[in-house]
Each structure stands twice: as structure tokens, then as C-alpha cells.
Amino acid sequence: MRPARADERVAAVGLWRRLLVKPELGSLIGAVVILAFFSVQSSVFRSLSGVANWLDVASTLGIMAVAVALLMIGGHFDLSAGVMTGTTALTVGIVATELDQNIWVAIAASLVLALAIGFANGWLVTRTGLPSFIITLGTFLMLQGLNLGLTKLFTGTVIVRGIAEAPGFHSAQLVLASRVTLFGQEFRIAILWWLLATAVASWVLLRTRFGNWVFATGGDEVASRNVGVPAARTTITLFMTTAAAAWLVGSITAVRLTSVQANTGTGQELIYIVAAVIGGCLLTGGFGSAIGAALGALVFGMTQQGIVYLNWDADWFYFFLGAMLLLAVLSNRLVRRYAEAARR
Amino acid sequence: MRPARADERVAAVGLWRRLLVKPELGSLIGAVVILAFFSVQSSVFRSLSGVANWLDVASTLGIMAVAVALLMIGGHFDLSAGVMTGTTALTVGIVATELDQNIWVAIAASLVLALAIGFANGWLVTRTGLPSFIITLGTFLMLQGLNLGLTKLFTGTVIVRGIAEAPGFHSAQLVLASRVTLFGQEFRIAILWWLLATAVASWVLLRTRFGNWVFATGGDEVASRNVGVPAARTTITLFMTTAAAAWLVGSITAVRLTSVQANTGTGQELIYIVAAVIGGCLLTGGFGSAIGAALGALVFGMTQQGIVYLNWDADWFYFFLGAMLLLAVLSNRLVRRYAEAARR
Amino acid sequence: STDDTGGSGSGSTSGSGSSAAAGDGDLSFAVITHGSAGDAFWDVVQKGAEAAGEDLGVGVDYQSDGDPQRQSQLIQAAVNQDVDGIVVSMANPDALQDSVEAAVSAGIPVVTINSGADRSAEFGAIGHVGQDETIAGQGAGQRLAQDGAKNVLCVVHEAGNIGLEQRCAGASQGLGSDVKLLQVDINDLQAAQSTITSQLQSDPSIDGVLTLNSAVASVAAAAASDAGSQAEIATFDLNGDVIAAIQDGSVAFAVDQQQYEQGYLPIVMLKLYAQNLNTVGGGQPVLTGPGIVDSANVDAIADLASAGTR
Amino acid sequence: MSEAGAPLLELRGIGKDFGSVIALDGISTTVRAGQVTCVLGDNGAGKSTLIKVLSGVHRPTRGELLLDGQPVAFGAPREALDAGIATVYQDLAMIPLMAIWRNFFLGSEPTTGWGPFRRFDSATAKEVTRRELAAMGIDIRDPDQPVGTLSGGERQSVAIARAVHFGARVLILDEPTSALGVKQAGVVLRYIAQARDRGLGVVFITHNPHHAHPVGDRFLLLNRGRSMGDFAKGELSREELTGMMAGGDELTELAEELERPAGR
Amino acid sequence: MSEAGAPLLELRGIGKDFGSVIALDGISTTVRAGQVTCVLGDNGAGKSTLIKVLSGVHRPTRGELLLDGQPVAFGAPREALDAGIATVYQDLAMIPLMAIWRNFFLGSEPTTGWGPFRRFDSATAKEVTRRELAAMGIDIRDPDQPVGTLSGGERQSVAIARAVHFGARVLILDEPTSALGVKQAGVVLRYIAQARDRGLGVVFITHNPHHAHPVGDRFLLLNRGRSMGDFAKGELSREELTGMMAGGDELTELAEELERPAGR
Ligand SMILES: Nc1ncnc2c1ncn2[C@@H]1O[C@H](COP(=O)(O)OP(=O)(O)OP(=O)(O)O)[C@@H](O)[C@H]1O
Ligand SMILES: Nc1ncnc2c1ncn2[C@@H]1O[C@H](COP(=O)(O)OP(=O)(O)OP(=O)(O)O)[C@@H](O)[C@H]1O
Ligand SMILES: [Mg+2]
Ligand SMILES: [Mg+2]
């Protein structure tokens with residue numbers, strides 16, 4: 001016999017189980033499993049310097065994953081997200097070195113360009129009604145060509161160099177590529193940007209009108225338009241958000257490496273999507289979380305570095321990477337099943 | 001006043017417009033636009049030898065695109081499809097050369113392996129309920145690692161050579177890699193395989209029970225299960241079909257090149273999906289056509305070679321590729337809009 | 001192999017008449033390599049070929065694709081266009097045999113570059129310019145051994161790329177012991193830096209790092225300092241950053257295959273062949289490297305590397 | 001409130017095609033403040049298509065739509081909503097994966113806080129949702145439950161409560177009571193009467209003559225996409241209405257027939 | 001056909017939970033050949049959940065299901081179908097993008113031809129679809145039309161026609177008439193009576209007492225997931241039934257109330 005309750009149609013379920021069913025906490029399980037797996041086997045992995053190292057990998061990936069997750073919740077893909085980090089980094093580099101501008105001017109120019117590309121993506125998707133997959137594949141390929149063509153046009157080589165000499169570089173470095181010492185270990189500031197991006201995205205998604213529209217547009221675009229959600233505006237804003245994230249990552253890359261290769265970022269778009277999916281985003285839209293995506297990026301980053309820390313044969317790197325990812329998502333799945341199976 | 005008709009609720013619409021609205025004929029428009037574009041500008045492109053060349057490019061891509069389209073109509077992705085062409089080609093090579101088997105034995109072994117991988121993909125997807133995107137990403141990475149690791153294990157390098165020396169090679173070459181002379185021009189036999197695959201896939205999709213199940217599973221898996229469609233079996237069969245297509249392409253590659261690199265096929269999975277989407281497949285499943293996917297592959301192949309025939313700067317190759325793809329899908333879209341706007 | 005060269009030379013004489021008749025002033029050559037788009041090494045090759053085209057007043061069309069099947073389709077496209085000569089890099093000679101021989105039998109002279117020297121004459125090419133990646137790798141390995149490195153990390157930036165594997169395999173031979181491989185992604189250099197850092201943290205006995213791309217060299221140097229490792233950094237290929245790094249000592253040396261010549265010389269050879277039926281060295285491979293750039297000679301070529309021709 | 005008042009909405013010769021399908025042709029009627037316009041007709045007659053034209057979902061292929069006597073062309077449902085027209089769609093227009101309270105306020109979210117910290121006032125939203133549903137006789141367990149897991153009637157109740165809450169001038173209801181229990185259906189009919197009495201124009205579609213007759217003031221009859229007439233209540237006896245609804249009291253005869261043959 | 005015959009289906013203490021939600025608890029009833037079992041209850045009472053247990057969509061969390069006296073556990077709707085149980089789901093279980101005839105035969109496609117050339121017999125399928133729908137009073141334009149573009153009632157008719165066509169021993173109908181016109185609803189009631197007379201067991205859910213009373217033989221009353229009793233028709237007067245359905249004839253009173261105050 002169950003105890004009498006306010007509503008006899010609801011059974012008592014432990015806090016623990018209720019938490020486990022949440023999507024972001026689900027991906028937390030994956031992260032914990034991977035963390036435990038590598039920590040047990042490698043002391044360097046669990047050392048502070050190791051942590052700083054894999055957090056660094058997760059950070060730029062995570063900034064993108066969070067933005068891509070928002071877009072995916074809104075029901076769209078952006079295949080140009082990866083190459084756009086290259087476009088923005090190259091723009092920062094070319095404007096700062098070839099056009100001899102202050103680095104902040106270059107960063108601002110890069111932002112304007114990124115937002116323009118994001119707007120174009122969103123506008124094309126909403127106007128033509130074609131799948132975003134194919135539209136952004138078009139922009140992906142075009143940007144890839146532009147990155148190479150323009151870099152060679154401006155520099156004669158496939159690399160933009162000398163960003164460190166641009167005026168204003170030191171202040172930019174401070175903001176985008178410095179290190180912060182914590183517990184005697186230096187951490188990259190990009191990690192802070194990552195946390196900030198996750199927090200802002202989560203807040204927007206769960207606490208604002210815009211967030212409500214994102215879920216609705218991704219869940220059922222026709223229905224949401226019927227009740228008055230400005231679906232086109234929401235979609236365009238989401239594409240611009242992804243572009244802005246690419247700009248942030250591109251600027252961090254440019255300032256940190258001080259030289260940028262023309263093919264930077266190509267192929268990363270898939271990894272962003274993967275991180276978002278590990279974090280619980282549905283590919284069909286309408287469901288997911290920003291924190292989940294950030295955790296997905298963490299899973300990916302830890303796995304990538306963990307395999308190296310364990311000194312496993314590099315030829316098999318991708319094999320282990322794949323196996324670890326499956327381990328993360330399957331363990332998440334198992335635990336949630338257990339949680340949902342509930343009081344039987 | 002409209003003429004009296006059998007059903008007064010249906011207006012007369014010209015055959016032409018009715019045809020234009022069909023998905024596969026839609027992608028035909030894209031193909032025609034691209035064909036016209038390049039033919040006008042390059043006499044070599046429209047010469048028989050040129051046609052044989054770009055048909056060749058489209059053929060292996062097309063075989064995969066058709067299988068991937070079936071899978072997408074069934075509501076799933078297979079990111080491991082590209083690398084699986086490498087796995088199967090390497091298996092043919094390793095079994096034939098390192099294990100000294102007849103080439104047909106090697107090809108058979110490769111088929112068994114492919115079907116096993118396809119089954120594993122499908123089984124994991126149906127059992128865990130996780131998105132196929134993430135499951136096949138896992139197999140994609142694992143196979144990529146396996147391809148490299150095993151190739152190096154067997155051969156010491158990243159290339160399997162000497163397939164031409166295997167017993168039975170000539171009969172295999174005849175079936176998989178010979179040329180057929182038509183109008184005085186040699187065409188690769190792979191083009192025939194492509195046409196065959198398209199015809200069979202179309203037939204299955206539109207004329208069999210299984211085809212009905214594919215549309216239903218992709219359209220609404222829960223609803224189709226509720227009316228008794230064996231959704232899990234359908235999904236697994238689709239994954240095995242994709243794997244079988246990868247085996248066909250892999251065998252063609254191995255026999256044609258007589259040596260196989262360990263990274264064969266990596267990254268192609270996206271192109272297959274693209275061809276299917278150009279051909280009108282929905283990413284959300286439940287809609288699309290095999291002929292459309294074959295035409296999508298044709299658009300892609302023509303564009304890829306057409307840019308080469310026009311001698312456009314290779315640095316800008318991807319830019320043009322992207323622009324051409326957008327041209328193809330947008331013109332398709334425009335024409336269909338015009339057709340749908342109908343009798344106003 | 002000498003008879004092969006003779007055979008192919010006479011075989012293509014008949015065809016060359018037609019291409020010569022096509023007009024002397026208007027020669028056009030196709031260069032088809034297995035480099036991926038934007039690859040720093042192949043960019044220099046392209047630049048060499050295009051410079052030669054400009055200097056000699058001939059047309060040069062550069063195409064590349066890492067997939068041998070695609071490469072063979074590109075060769076077929078060039079044959080269809082009836083170019084006056086084809087330059088091909090042969091990382092995977094078996095896979096290209098068919099299409100190279102088809103070009104030769106269509107009367108189009110072929111020069112092979114970079115790898116595939118041992119098969120070049122067999123396929124009927126009129127010459128070969130290059131440096132086998134394995135030999136270049138050996139050069140790097142020997143130099144690392146000289147500098148006292150024992151446990152060397154070879155950073156592969158494109159999994160399964162045959163040229164990169166050959167460089168690492170060559171380095172093992174030159175070093176006299178196996179190098180340790182590490183996979184990174186050339187398109188994400190920040191992650192590459194972290195990955196190299198991880199490797200150096202987890203295996204402090206590594207005392208040499210060999211990168212196969214100039215851009216990876218810079219992040220490898222940064223990774224070594226992050227990890228507090230004393231490992232010697234060496235790299236293939238040059239760019240301005242690597243030159244600066246060699247000058248300030250953070251990179252010890254760079255293997256320079258002088259791949260500019262692998263682009264430039266074949267165009268010269270094809271032009272001479274088209275106009276004069278000349279071949280070079282009786283079809284024997286023309287070697288372009290390896291040269292080693294270190295603190296001793298870096299200053300001399302610093303400006304050239306920054307301009308992207310070294 | 002009288003027949004003489006200027007119509008809120010007026011339709012003149014409205015038609016709508018979907019490709020070759022002619023779903024509506026030559027429909028004219030008026031919606032007046034303080035009146036209930038019932039749209040009647042067989043399945044597939046074009047009732048839902050008609051209300052989608054009114055609510056800005058479809059643009060009419062032919063004909064004119066007048067709001068307060070001015071021709072309007074709603075480009076999007078948002079514009080109709082902004083003109084005070086709230087609609088309960090037959091397919092309900094709900095996002096299955098979203099919580100009840102999020103669906104309730106979708107497109108018209110209440111906010112709180114200033115500037116960049118302006119946020120969706122979720123406490124209010126949950127409170128209002130629970131209250132409005134309770135008023136309809138629906139006792140939800142938790143406003144956070146995804147709409148996709150609600151029962152058919154619960155879902156329909158959410159859509160109705162939402163439209164009633166936001167309807168300012170015109171309330172359009174497409175078969176609102178089809179999945180509702182007798183009690184809940186009664187509540188909805190009362191809502192309609194209340195809205196009418198508050199001076200809203202109501203468009204009400206139903207197949208149930210017991211629901212249509214008590215509240216309707218005008219009856220627009222559709223058949224296979226064409227109008228069969230547009231009657232004021234006075235012009236129409238109860239019997240005629242029931243007859244128009246394809247044999248409303250045939251049902252009583254049917255009942256006799258359905259009883260099993262005696263003795264079995 | 002009598003009460004004494006062995007029940008086709010028997011439920012013993014069935015319960016179903018979704019996570020913490022208790023949708024059903026302790027439900028027992030029987031479905032007999034040649035009888036119509038009506039399931040009554042408010043919105044959210046658990047009626048749809050109950051029939052989903054019967055049709056193999058949900059596995060019950062508690063309790064036992066017996067088919068012909070043997071305990072069964074349907075792992076999938078396919079198994080229930082194979083046992084001759086056909087269902088019209090409240091959400092209809094249709095694939096919107098697929099043609100009407102493909103939906104009609106989904107999961108039970110007729111085939112023609114031999115061996116590898118065995119194919120879906122589309123001519124027969126289209127023919128049967130058109131015929132069965134015409135028999136229900138639905139005149140479709142083209143069996144190739146996607147179900148997603150049908151009107152609500154047309155779509156419901158397709159689902160009903162399908163279930164009636166394939167139902168062999170048990171026919172389960174979850175609010176089948178909710179979106180139907182009066183005429184079409186009458187046809188469905190006749191179908192139910194015919195099925196009953198052919199010896200099928202029918203489970204019928206409706207909110208309309210005018211539909212439930214004439215055809216029902218047994219009445220299972222649900223409230224908030226619990227059973228309020230399971231009555232044979234004889235045990236229950238018409239008044240009691242209407243009372244059970246939460247004031248069926250309150251409606252008449254309501255009608256009076258809804259008429260506008262006199263004089264306005
Ligand atoms: N998008 C569309 N494409 C093609 N035909 C359509 C489309 N939408 C509706 N129709 C057709 O238009 C006709 C009218 O549909 P509508 O939904 O307006 O009917 P209804 O009167 O609301 O019927 P019900 O009472 O069954 O809800 C139907 O026959 C339907 O098949
Ligand atoms: N998957 C689910 N998860 C959580 N709760 C659910 C789920 N499915 C149903 N419920 C809840 O169970 C209860 C019973 O739902 P059910 O659909 O069986 O009601 P019903 O009697 O058919 O109502 P209606 O007459 O409105 O169709 C509802 O309160 C519903 O919210
Ligand atoms: Mg309707
Ligand atoms: Mg129900």
C-alpha cells in the first residue's frame with residue numbers, strides 16, 4: 001500500500017531517480033564513466049596538469065557544441081559551423097596583418113562577417129524551406145573554398161602569420177588566450193568562456209521567451225507558427241548565434257596560435273553535432289539542453305586526451321575513440337533505463 | 001467556369017506540372033541545370049569521353065547514395081557507410097593477398113563481414129533506442145581505427161597491394177571493373193551496377209511490402225509499430241542493405257585499383273547523405289526516392305568533374321562546388337514552386 | 001628499367017606529333033597530385049608548377065585529391081581535354097597504373113613527381129622528379145639520431161595518409177629504432193597542441209618530436225614548453241613560423257624536400273619534350289632533396305620560406 | 001450586439017486550393033460581436049480550411065476577408081492573433097515534447113524583470129495554467145508534464161483554455177469538444193456563451209447538433225467545399241437545423257435498430 | 001453469445017505506471033464474443049491506456065491478461081494483431097506523409113506475384129480502400145492523397161475502415177466517432193453492431209451517451225485510473241448510465257441556460 005498523497009495518481013519516486021532521468025544529468029553519467037575509466041588508469045590524467053589539458057580541449061569544442069545544441073533544439077543543422085571558425089580566425093588574421101589594423105578592429109570585422117554569414121544561412125533556410133543540412137552544406141563548401149582562395153590571394157601561402165605583431169595584441173591575448181592560475185595550475189581562459197557560454201545558453205533556453213520559441217520551433221514548426229511564434233526570426237537568430245560562437249572560437253584560435261592555417265576547422269562540424277547528441281539533443285529537434293552539450297564536449301575531450309594518456313597504440317586511436325563514445329552513451333542509457341524502470 | 005468533371009473538388013492540372021511536383025523529377029531539374037551549365041561551356045564535358053568520365057564519378061557514389069537514401073527514408077543515418085567501403089575493400093585485399101585466397105573467396109568474406117557490421121549497427125540502434133547518428137558514429141570511428149590498425153598489422157604499411165596477382169582476379173575484374181564499349185566510347189561497368197542498384201531500390205521501395213514498411217518506419221515509428229509493422233526488422237535490414245552497398249563499392253574499388261589505402265572512404269558518408277538530400281530525401285525520414293538519390297549523385301559527380309573541365313582555379317574548387325550545389329537545389333526549388341503555384 | 005624508358009619514349013613519339021601540331025605557343029599541362037586542398041607541402045608544389053607555367057608561357061592546371069580513385073578520374077579528365085602533358089604524383093602507383101598508362105597510350109607525355117620513382121618508367125613516364133618520402137624520413141631520422149634522440153614521437157596529422165606513414169617509417173629506419181606514432185587533426189591545431197602535450201606529459205622519456213607539417217611544428221614547440229619537456233622538435237617542410245622557430249632554437253631543424261622543384265622542373269621537362277623531344281637524365285629520377293634546414297643555413301632561405309616558395 | 005452592428009469579420013467569395021484540390025469555393029459569411037457563428041458540414045466539407053483562412057494559417061486563393069470593414073490579408077497567424085483572433089485548431093497546434101505551461105503561453109509568454117534580465121515568468125505561467133485547467137474540470141498532475149503524454153481530452157482542454165485566455169475579439173473553435181467528456185464539454189459550451197456575452201465574436205465548428213443548437217446565432221452550411229447557405233437562427237427551426245446536420249434525429253431511429261434483435 | 005460463454009479476453013487487476021505516473025490500477029473486466037464492452041470515464045481516466053494494454057502497445061506493470069483463458073503477454077502490437085485483435089487508436093496511428101491506400105494496408109499488405117517478384121498488390125489495395133471508405137460515406141478524391149492532407153474526420157474514417165477490415169476476433173475502438181459527422185458516426189455505430197452480430201468482441205470508448213447506450217452490453221467505468229465498477233447492461237438502467245457519464249442530460253438543462261437571456 002502506498003501512503004496517502006495529495007494526488008493518488010502520482011507515486012513517490014526518489015530524488016536520485018528523478019535526477020537521473022533529466023537529459024543533462026544523463027550525459028553527466030557518461031562523463032563520470034569516462035572520467036573514472038581514465039582516472040583509474042592514468043595518474044597524469046587525474047593530475048591537475050592533466051585536468052587543465054583536457055579541459056582545454058573540451059573548452060573550444062564546448063563553446064561550439066552549446067551553440068550547435070541550441071540550433072539543433074531549434075530543429076536545424078549547421079554544417080558550416082566548423083569551417084566558420086576558420087573563416088573568422090582567418091579574417092582576424094588577414095585584417096590584422098595584411099590590412100594592418102588594430103587586432104580589436106580585426107576581431108570586430110570578423111564578428112560582422114560571421115553574423116552576416118549566419119544571417120545568410122538562416123535567411124536561405126527560412127525563405128527557401130530547403131533543409132538546413134543542404135543549405136549549410138553549400139555554405140560550408142563555399143567557405144572552405146573562400147578560406148583557401150582568399151588566404152592564398154592575400155598571403156601567397158596557405159597560412160596567415162604574424163598576428164602577434166598587430167597593435168592591441170596583448171589586450172586581446174589577455175581576454176582570449178591568457179591563463180588563469182588555480183590551485184597552482186594554469187588553466188586556459190577559454191575554459192571560462194566555455195562555462196560562460198553554457199550558463200548563458202542554459203538561461204536563455206530555460207528562462208526566456210526566446211528559449212520557449214526555440215523548443216517550439218524545433219518541436220513542431222507549423223504548430224508553433226500557428227500559435228504565433230515568430231519561427232523565421234527564431235531560426236535566423238539561432239544561425240546567427242552559431243556564427244557568433246564560431247567567431248568567438250575563431251578569435252581565440254587566431255590570438256592563441258598567432259598564425260592561422262587556411263583549412264582550420266574543416267570537418268569539426270560533425271564533432272559539434274556529436275557532442276550535442278551525446279548531451280541528449282534530438283536530431284529531429286525540440287529536445288535537448290545546453291549543459292548536456294557542454295558535458296558532451298567534455299566526454300569527447302576527455303576521451304580524445306585520455307587515449308593519449310594511456311599510451312595506447314596510435315594506429316588504433318580512432319577505434320578506441322569510437323569504443324569510448326559508445327561506452328559513454330550506452331552507460332548513460334543503461335542508467336536511465338534503470339532509473340525509469342522505477343518501482344517495480 | 002471550370003468544365004464539369006467527375007469530382008468537382010479537383011481542378012485540371014497539366015501533366016507537365018503534375019510531373020514537376022514529383023520528388024525525383026524535382027531533382028532531375030537540378031541535374032539538367034548543372035548539365036546545361038557545364039555542357040554549354042565545355043565541349044569536352046559534353047563529349048562522349050567526358051560523359052563516360054563523370055558518369056564514372058557518379059556511379060560508385062550513386063550506389064551508396066541509393067542505399068543511404070533507403071536508410072534515410074527509414075528514418076536513420078549511417079555515418080559508417082563511407083569508411084565501410086574502405087573496410088570491405090581492405091578485407092578483399094587482405095584476404096586475397098595476405099591470406100592467399102581466391103579473390104572470390106575474399107569478396108565473399110568481405111560480404112559476410114559487411115553484413116555483420118550492418119547487422120550490428122541496426123541491432124544496436126533498435127535495441128538501445130539511441131539515435132543512429134551516434135551509434136554509427138561510434139562504428140565509424142571504430143572501423144576507421146580498425147582499418148588502419150589491421151592494415152598495418154598485416155602489411156606493415158597503410159596500403160594493401162598486389163590484388164591483381166590473386167587467383168580469379170580476371171573474372172572478378174570482368175564483373176566489377178571492366179569497361180563496356182557503347183557508341184565507340186568505353187564506359188565503366190560500375191555505371192551498370194549503379195543503374196541496377198537504383199532500379200532494384202526503386203522497385204523495392206514502391207512495389208513491395210518491405211518498401212511500405214520503410215516509408216512507415218521512417219514516417220512515424222511508433223504509429224507503424226502500432227499497426228503491426230516489424231519496425232526493428234525493417235531497420236536492421238536497411239542497415240544491412242547499406243552495408244551490402246558498401247561491400248559492392250568496396251569490391252569494385254579493390255578490384256579496380258588493385259591496391260587499397262587504409263583511409264579509403266573516410267569522409268564520404270556525408271557526400272552520400274548530401275546526394276540523397278539533393279534527391280529529395282527528408283532528413284527526418286519517411287519521404288524520398290531512390291531515383292532522386294541517384295540523380296543527386298549525378299549532380300554531385302557532374303559538378304565535381306565539371307569544375308575540373310572548366311579549368312577553374314583549384315584553390316576555389318570547394319567554393320564552386322558549394323555554389324553549384326546551391327544552384328542545383330535552388331533551381332529545383334524554384335521550378336517546383338512554380339509548378340505548385342498552379343492555376344492562379 | 002633502361003629498356004622500359006626507351007620503349008615508352010618511342011611509344012609516345014608518335015602521339016607527341018599531334019600535340020606539337022596543336023600549336024607551339026599554346027601548350028597546356030595538367031598537374032595532378034594526391035595532396036589535400038590547403039596542404040602546406042603541396043601548396044609549394046603548386047606554386048612551383050604555376051611559376052614555371054608563367055616563366056615558360058605555358059598553361060598549367062593544378063588539381064589534387066588524396067583518394068587514388070578520384071586522382072585517376074582527374075587524370076582521365078585531363079586526357080579527355082587532350083592536354084600536352086601530365087604531371088602526376090604517385091603515392092599509390094598500383095591504383096594509378098591504369099590511368100597513367102591510358103594517358104601514355106593516348107600520346108600524352110607523363111612526368112611523375114614526389115613518390116613512385118621505381119614504377120615511373122614502367123608506366124611509360126618520360127621522367128620522374130622527386131624525393132621518396134621514405135628517404136626524406138630516413139634523413140630526418142638520421143639527423144635526430146645524430147642529435148642524440150632515442151625515443152622519438154612522430155606526429156601524424158592525417159590518419160592513414162600514405163605519404164605521412166612513409167615519412168614516419170623512413171624516420172624509424174634512419175633512427176635505428178621505431179618511432180612512436182601520435183594522431184592529431186591538422187584542422188584543429190589547438191586540440192593538436194593539447195594532444196601533443198598529453199603525450200609528452202604521460203611519457204617523459206620522449207626526447208624527440210618529429211612533425212610532418214610546418215603548422216604542426218609550431219604547436220609542437222608550444223606543447224613541449226607546456227609539458228616542460230626538453231624534447232628536440234624537428235619537422236618536415238618550412239613556413240615563416242618554422243624559420244623563426246629555427247632561428248630562436250625552439251625547432252632544431254626542418255627537412256626540406258625542395259618540393260618547389262617538384263612543381264617547376266616537370267613543366268620544364270614537358271615543355272622541352274613537347275618542343276624538342278628532350279628527356280632528362282635518360283628517364284632516371286631527378287632527386288630534389290632531402291635538404292636539412294637548421295640554424296646553420298636558416299638565415300639564407302628565411303625570406304624565401306616566408307614567401308612560400310621553400 | 002444586434003444583427004445591425006458592423007461585422008467584426010466578413011468573408012466575401014473566399015476560395016482555397018491546394019494544388020489541384022479545390023478545398024473551398026465562393027464562401028461568404030459574417031462574424032459579429034456578441035454572436036456565435038456555427039459552421040456545419042460533413043467530413044471534408046472544408047470547415048477547418050475555412051477557419052485556417054480566418055486565423056491567418058492559409059492565404060485564400062480567391063475572395064476577400066474584411067476585418068472591421070477593412071480588407072486584410074493575414075500573412076501569418078501572428079497577425080491574426082495580434083488582431084485579437086484566437087483559435088483552437090482541430091489538430092490543436094501543440095508541441096508534444098514541451099511542458100503544459102510552456103505550451104499554454106507559447107507565443108504570448110508573460111515576462112518579468114528588466115532589460116537583459118527580462119525572463120519568462122514561469123511561476124505565473126504555471127499558476128495560470130493550473131487554474132485555467134482546473135476551471136475546465138481537468139486536474140493535471142504537474143504543469144511540467146510534456147503535452148505529448150497527456151490524454152486526448154486533456155490535450156484538447158489545454159488548447160481551449162489557451163484560446164479562451166488569449167481571445168480578445170474573436171474566438172475560433174474547431175471541433176473543440178470532440179475528445180471531451182460530457183462534463184468538460186458542458187464547460188466549453190458555457191465558455192462559449194460567456195465569450196459571446198462579453199461581446200466576442202465566436203466561430204464554432206461541431207458535429208454535435210446538441211452542442212450547436214443551444215449556442216449558435218448564425219449557421220453556415222458547407223458541402224463539398226461550397227456554401228449551402230448562411231442562416232440566422234431566426235430563419236431556421238430546430239428541426240431544420242437537425243435535418244441540415246444530416247439526420248440528427250435519425251440517431252434515435254438508429255438506436256432502435258442497433259439494439260440486438262429481441263430474444264438474443 | 002451469452003454471458004456464460006468463455007471470455008475472449010479477460011483482465012485481472014491490470015495496472016500501468018509511466019515513471020511516477022500511475023495511469024491505471026487494479027482494473028478487471030472481460031470481453032466476450034458477440035458483446036460490446038463500453039469503457040466510460042472522464043478525460044484522463046485511463047481509457048486509452050487500458051486499450052493500449054489490450055492491443056500490445058503497453059505491457060501492463062501489474063496484473064494479468066488472458067486470451068481464451070490463457071495468460072498472454074503481448075510484446076508488440078503485431079502479436080495482438082496476429083491474435084485477431086484490431087484497434088483504432090485515439091491518435092489513429094497513421095503516417096501523415098504516406099498515401100491513404102498505403103496507410104490502409106500498412107502492416108498487412110496484400111501481395112501478388114511469386115518469389116522475388118512478389119509485390120505489394122497496389123491495384124487491389126487502392127480499390128479496397130476506395131470501396132471501404134465509400135461504404136462509410138467518405139468520398140475521397142484520390143487514394144494516392146497523403147493522409148496528412150486529409151480532414152480530421154476523413155483520417156478517422158480511414159483508421160476505422162482499416163480496423164473493421166482487419167479485425168478478426170476483437171475490435172477495439174478508442175473514441176472512433178469523435179471527429180465524425182452525424183451520418184458517418186451512424187455508420188460506425190452500425191459497423192459496431194454488425195461486428196458484434198458476427199461474433200466479434202468489441203471494446204468501445206466514447207464520451208457520447210447517445211452512442212454508448214444503444215450498442216453497449218457491458219459498461220466498465222473508470223475514474224482517475226481506478227475501476228468504479230463493471231456492469232452488465234441488465235444491471236444498469238438508462239438513467240444510471242447517463243448519470244455515470246457525468247450528467248448526460250444535464251446537457252438539456254445546460255441548453256436552457258445557454259440560450260441568451262430573454263429580450264437581448
Ligand atoms: N494541404 C492539403 N492538400 C490537399 N488537400 C487538402 C489539404 N488540406 C485539406 N485538404 C482537403 O480539403 C478538404 C477539406 O478539408 P477540411 O480539413 O477543411 O475538412 P473539414 O470540413 O474540417 O472536415 P472534418 O469535419 O472531417 O474535420 C478535404 O477533403 C481534405 O482532404
Ligand atoms: N506516457 C505517459 N507518461 C506520463 N503520463 C501519461 C502517459 N500516457 C498517459 N499518461 C497519463 O495517464 C492518464 C490517462 O491517460 P489516457 O490517455 O489513458 O486517458 P483517457 O481516459 O484516454 O482520456 P481521454 O478521454 O481524454 O482520451 C492521463 O492523465 C495522462 O496524462
Ligand atoms: Mg476539420
Ligand atoms: Mg483517450
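Only a predicted model underlies this, so the values are computations on that prediction, with no experimental measurement involved. Reminder, nothing fancy here: chain letters follow the sequence lines and each chain counts from 1.
At a 4.5 Å heavy-atom cutoff, Ala244(C) makes no contact with chain A through either its backbone or its side chain.
Side-chain contact check for Gln261(A) and Asn187(C): no donor-acceptor pair (N or O, by modelled atom type) lies under 3.5 Å. Using a 3.5 Å distance cut-off with no hydrogens or angles, the side chains of Ser194(C) and Gln305(A) do not pair a donor with an acceptor. In this structure, a donor-acceptor pair under 3.5 Å is present between the side chains of Gln190(C) and Thr253(A). Side-chain contact of Asp56(A) with Gln193(C): a donor-acceptor pair under 3.5 Å is absent, judged by distance alone.
Scanning both residues, Gln183(C) and Asp315(A), for their nearest heavy atoms gives NE2-CA, 4.1 Å. Taking both residues in full, the closest heavy atoms of Asn311(A) and Ser202(C) are given as OD1-OG, 3.6 Å, listed atom of the first, atom of the second, then distance. Residues Gly50(A) and Gln201(C) come closest through the heavy atom pair CA-OE1, 4.2 Å. Shortest non-hydrogen contact noted between Ser259(A) and Asp241(C) is OG-OD2, 2.7 Å.
Contacts between residues 36-46 of chain A and chain C, defined by a heavy-atom separation under 4.5 Å, are made by Val44(A). Heavy-atom neighbours of chain C within the stretch residues 146-160 of chain A, taken at a separation under 4.5 angstrom, comprise Leu148(A), Lys152(A), Gly156(A), Thr157(A), Val158(A), Ile159(A).
Between chain C and the residues Asn53(A), Ile271(A), Thr264(A), Asp313(A), the most heavy-atom pairs under 4.5 angstrom are made by Asn53(A). By number of non-hydrogen pairs under 4.5 angstrom with chain C, the leading residue of Arg188(A), Glu186(A), Gln144(A), Gln304(A) is Arg188(A).
In this structure, the separation between CZ on Phe317(A) and OG1 on Thr195(C) is 6.5 Å, given to the nearest 0.5 Å.
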